[in-house]
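A short write-up of the structure that comes next.
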Amino acid sequence: MIRIDAENLSERENYKLLTGTVIPRPIALVTTLSEDGVLNAAPFSYFNIVTADPPLISVSVQRKRGIRKDTSRHAIARGEFVVHIADESYVEKLNATAASLPPEESEVALAGLTAVPGERISVPGIAEARVRLECVLEQAIPLGGTAEAPAADLLIGRVVRYHLHESIADERNHIDAAALQPVSRLAGASYAKLGELFEVERPS
C-alpha cells in the first residue's frame, strides 16, 4: 500500500486524491433564486443523504478564496433551493451550467433548460430532470479553511416535496434505477453511467 500523510499535501493534491478515490459520486443540479429574481443553476458532486427523519440532504458548496458562491449566497438569503438528480437525458445541458457567469445572468437560460415553478417553495425547478427535490434550508455550516475564510458551505436541506417522473416510479413510489439513468461524477472530466447491478443480502 502507498502511504501518504494528508497534511503534507496541498489543497489541489488532496482534491485529486479525494475525487479520484471517492467514486462514483452522485451529482446534484441545484437551482437557487437571487434577490433580483435571477434563476441560478450549478452542479455539485459533494452531495448525499443525511437522514430520512426528517428527510435531509447535504450539498457542499466550495468557496473561492473564502467568498461564497452564488448557490450558497442565494440559498442562505432565501432559505430555499431545489436539488435535481443528474441523469443521462440532460447531462450535456447540466454540464453547461458549470460555466462561470456574472450574477445577473442565468445558467438555466444559457444551458437551454426549462424552468418550472416551485410548488412548496418560491424557487423554480428544472423540467428536464426526472427527479427534483424542493428543499428548505435547515442549516448552512461554514467548514474548512480558516475562521476568516472558510473553504466551503455545507448546506443541509429538508425535502418538502418530491417530483418524480412517471417513467421512473411505480404506484408504491419505488424508483427504477435503470429507468432513471443516473449519472455520477468521477475525477477530472470523467462521468459514469449506472452500469451492471447486483445484490448482496445484508446479514440479519
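- Residue Leu197 shares its hydrophobic cluster (ILVMFWY side chains chained together at separations under 4.5 Å) with Leu194.
- Apart from Leu110 itself, the hydrophobic cluster it occupies contains Leu101, where clustering links Ile, Leu, Val, Met, Phe, Trp and Tyr at side-chain heavy-atom distances under 4.5 Å.
- Sorted by first and then second residue, the side chain to side chain donor-acceptor pair (under 3.5 Å) pairs involving residues 105-118 (not counting sequence neighbours) are Asn40-Glu107, Thr114-Glu128.
- Screening residues 181-201 for salt bridge (Lys or Arg N to Asp or Glu O under 4.0 Å) gives Glu88-Lys193 as the qualifying pairs, with residues at least two apart or on separate chains.
- The shortest side-chain heavy-atom distance between Ser58 and Ile156 falls under the 4.5 Å cut-off.
- In this view, Ser45 and Arg25 satisfy the side-chain hydrogen bond (donor to acceptor under 3.5 Å, both in side chains) rule, not counting sequence neighbours.
- Screening residues 44-56 for salt bridge (Lys or Arg N to Asp or Glu O under 4.0 Å), with sequence neighbours left out, gives no hits.
- Using modelled atom types and a 3.5 Å distance limit, the side chains of Ser89 and Asp87 yield a donor-acceptor pair.
- By the side-chain contact (heavy atoms from CB on, under 4.5 Å) test, Pro54 is found to be paired with Leu56, Arg158, residues two or more places apart in sequence or in another chain being considered.
- With sequence neighbours excluded, the residues satisfying side-chain hydrogen bond (donor to acceptor under 3.5 Å, both in side chains) with Ser167 are His165.
- When hydrophobic residues (I, L, V, M, F, W, Y) are linked wherever their side-chain heavy atoms come within less than 4.5 Å, the members clustered with Ile57 are Val30, Phe44, Phe47, Val59, Val61, Ile76, Phe81, Val83, Ile85, Val131, Leu133, Leu137, Leu155, Val159, Tyr162, Leu164, Ile168, Ile175, Leu180.
- Residues Leu29, Leu33, Leu39, Val82, Tyr90, Val91, Leu94, Val108, Leu113, Ile121, Val123, Ile126, Val136, Val160, Val183, Tyr191 make up the rest of the hydrophobic cluster containing Ile27, defined by ILVMFWY side-chain heavy atoms closer than 4.5 Å, directly or through other members.
- Residue Glu92 places its CD atom among 12 or fewer non-hydrogen atoms of other residues, nucleotides or ligands, all under 6.0 Å distant.
- Ser10 is linked by a side-chain hydrogen bond (donor to acceptor under 3.5 Å, both in side chains) to Glu13, counting only residues two or more places apart in sequence or in another chain.
- The salt bridge (Lys or Arg N to Asp or Glu O under 4.0 Å) analysis of residues 59-74, with sequence neighbours excluded, yields the pairs Arg63-Asp153, Arg68-Asp153, Asp70-Arg73.
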